[in-house]
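Notes follow the structure.
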Amino acid sequence: MTMCLNGTTDAALRARLQAIVPNLAASAASYQANAVAERLDLQARVPAVGGVSKAELVALYATHLSATKGSARAVYDQIRNAAPNKKCPLCGVGTVAVLDHHLPKAKYPDLSVVPANLVPACHFCNDTKKARFPASAGQQTLHPYYDARLINGRWLAAAIDRGPPVVITFAPSPPPAWPLIDRQRVERHFAICGLGTVFASNANDELGPLKTRLAALEAAGGPAAVQAHLIEEAASHAQRTNGWQLSLYEALAADPWFTAGGFHSIA
């Protein structure tokens, strides 16, 4: 916030912003507490703060953070570049291009420039997620900074439509033993971020080259060789618990029809 204040040239606006610094700090502290408790649905939505309007609060982000020459652009770049290998932490597939407001600034203008609310994201996830917000605990999408428990828990599954041609689809499949809210949250994240579309697109694109490889393995060692290769591929992606590759190769390896020659139905 200090950088935003320093970059505000309108003296009257700067004075009004300075007056609400304690309020914004309180909002940030509340956000931190709610995020740790996995209850960001309890975060208060405010139309304005003190003498500063919603539009003025939202403008802090566009003017000072995301603007190329903004006074707080260094903060924007630091957060955006923090994603390992520039991979979007919301889908694990796209390349980070922007920052996403985990709780949308349109509904939570007091969080417009709170770093904990700014998450590196690809264009697809950012555009698909839009300004949706949680109205209940089960509607919370997964926050990369706070929800490692759910992000690392296994909940993704792939399914094979035998066609022809063979088509792969994905769906959330959290363990039945998980608490209802946890199951609802991963299902919500899958839907809101459009993961079904992203994962299916990548998986089905993988099938063509895979068909050629499996045909050669079948000729050399039969269905057992085909299955062994698929199991090996799954194991090589095990580190990405909910990545599309792990679920894809596990599903293919577990299907006797596919390993016994069904892969020839790949287009």
Side-chain angles (χ1 to χ4, degrees), residues 31 34-35 38 40-41 43 58 61-62 65-67 73 75-109 111-158 168-174 182-206 237 239-248:
Y31 184 96
N34 286 328
E38 300 183 4
L40 280 174
D41 58 300
Q43 190 71 22
V58 170
Y61 177 79
L65 263 80
S66 63
R73 177 66 189 208
V75 175
Y76 181 98
D77 289 338
Q78 181 181 25
I79 297 172
R80 188 180 63 173
N81 295 334
N85 302 315
K86 298 189 181 299
K87 283 292 183 181
C88 174
L90 301 181
C91 66
V93 175
T95 301
V96 168
V98 295
L99 294 186
D100 176 72
H101 286 79
H102 186 75
L103 294 183
K105 59 184 181 297
K107 300 291 183 181
Y108 306 85
L111 302 175
S112 293
V113 296
V114 172
N117 192 46
L118 302 176
V119 176
C122 65
H123 281 304
F124 182 85
C125 285
N126 183 247
D127 292 344
T128 303
K129 185 170 172 283
K130 296 182 178 178
R132 295 182 176 89
F133 64 95
S136 65
Q139 289 187 359
Q140 298 173 93
T141 56
L142 305 186
H143 196 313
Y145 305 159
Y146 299 97
D147 292 322
R149 179 179 66 83
L150 294 178
I151 291 170
N152 295 327
R154 185 69 188 275
W155 50 263
L156 181 68
I168 306 299
T169 59
F170 292 85
S173 183
D182 289 353
R183 286 183 275 130
Q184 290 174 332
R185 290 191 64 192
V186 297
E187 289 165 358
R188 173 81 168 175
H189 185 84
F190 183 90
I192 293 300
C193 292
L195 299 188
T197 298
V198 174
F199 292 167
S201 174
N202 281 271
N204 288 299
D205 186 58
E206 181 103 338
H237 294 288
Q239 187 175 7
R240 296 177 179 176
T241 312
N242 293 299
W244 63 266
Q245 298 97 326
L246 174 59
S247 293
L248 167 67

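A distance-only check finds a donor-acceptor pair linking the side chain of Asn242 to the backbone of Gly153 [under 3.5 Å]. Looking only at distances, a side-chain donor or acceptor of Ser112 sits under 3.5 Å from a matching main-chain atom of Pro109. For Gln140 (side chain) and Ala137 (main-chain N/O), a donor-acceptor pair under 3.5 Å exists by modelled atom type.
Listed by chain and number, the residues in a ring pair (Phe, Tyr, Trp, His ring centres under 6.0 Å) with Tyr108 amount to none (sequence neighbours excluded). In this structure, the side-chain contact (heavy atoms from CB on, under 4.5 Å) partners of Asn204, at least two apart in sequence or on a different chain, are Val167, Ile168, Ala200, Leu207. Contacts of Asp41 classified as salt bridge (Lys or Arg N to Asp or Glu O under 4.0 Å), with partners at least two apart in sequence or in another chain: Arg39. Considering only residues two or more places apart in sequence or on other chains, Tyr146 meets the side chain to side chain donor-acceptor pair (under 3.5 Å) condition with Gln32. Arg80 meets the salt bridge (Lys or Arg N to Asp or Glu O under 4.0 Å) test with Asp77; sequence neighbours excluded. In terms of the side chain to side chain donor-acceptor pair (under 3.5 Å) criterion, residue partners of Glu206 (sequence neighbours excluded) are, by chain and number, Tyr249. Every residue two or more places apart in sequence or in another chain was checked for a ring pair (Phe, Tyr, Trp, His ring centres under 6.0 Å) with Phe190, and none qualifies. A search for side-chain contact (heavy atoms from CB on, under 4.5 Å) contacts involving Ser136 returns Gln139, not counting sequence neighbours. Under the rule for a side-chain contact (heavy atoms from CB on, under 4.5 Å), the partners of Val198 that lie at least two apart in sequence or sit in another chain are Val93, Phe124, Asn202. For the ring pair (Phe, Tyr, Trp, His ring centres under 6.0 Å) test, no residue two or more places apart in sequence or in another chain qualifies with His189.
Taking 4.5 Å as the limit, every side-chain heavy atom of Leu156 sits out of range of all side-chain heavy atoms of Ser173. Taking 4.5 Å as the limit, every side-chain heavy atom of Leu90 sits out of range of all side-chain heavy atoms of Cys122. Put simply, the side chain of Cys91 does not reach to within 4.5 Å of the side chain of Cys193, judged on heavy atoms. At a threshold of 4.5 Å between non-hydrogen side-chain atoms, the residues Gln245 and Arg240 count as touching.
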Begin with the C-alpha distance, continue with both residues' side-chain angles, and end with the deciding distance and a verdict on side-chain contact (heavy atoms from CB on, under 4.5 Å) for Val98 and His123. CA-CA 7 Å; Val98 295; His123 281 304; 3.6 Å; yes
When you look at Asn81 and Lys86, which way does the side-chain contact (heavy atoms from CB on, under 4.5 Å) test go after all the steps? CA-CA 7 Å; Asn81 295 334; Lys86 298 189 181 299; 3.5 Å; yes
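The minimum heavy-atom distance between Leu65 and Tyr76, with the atom names listed, is O-CB, 3.3 Å. Residues Tyr61 and Leu118 come closest through the heavy atom pair CE1-CD2, 4.1 Å. Contact between Pro172 and Val186 at its shortest, heavy atoms only, is CB-O, 4.4 Å. Taking every heavy atom of both residues into account, Pro134 and Leu103 meet most closely at CD-CD2, 3.6 Å. Contact record, Leu150 with Trp155: O-NE1, 3.1 Å, taken as the closest heavy-atom pair. Nearest heavy atom pair, residue Ala131 against residue Pro104, reads O-CG, 3.3 Å.
Aromatic ring orientation, His143 versus Tyr31: perpendicular (interplanar angle above 60°, classes split at 30° and 60°).
The CZ atom of Phe170 lies 7.5 Å from the CZ atom of Phe199; values are rounded to the nearest 0.5 Å. With rounding to the nearest 0.5 Å, the separation of CD in Glu187 from CZ in Arg183 is 7.5 Å. Within the model, atoms NE2 of His102 and CG of Leu111 stand 11.0 Å from one another, a figure rounded to the nearest 0.5 Å.
Applying the salt bridge (Lys or Arg N to Asp or Glu O under 4.0 Å) test to every pair with at least one member in residues 142-158, sequence neighbours left out, gives these pairs: Glu38-Arg149, Asp147-Arg185, Arg149-Asp182, Arg154-Glu250. Sorted by first and then second residue, the salt bridge (Lys or Arg N to Asp or Glu O under 4.0 Å) pairs with a member in residues 118-145 read Asp100-Lys129; sequence neighbours excluded.
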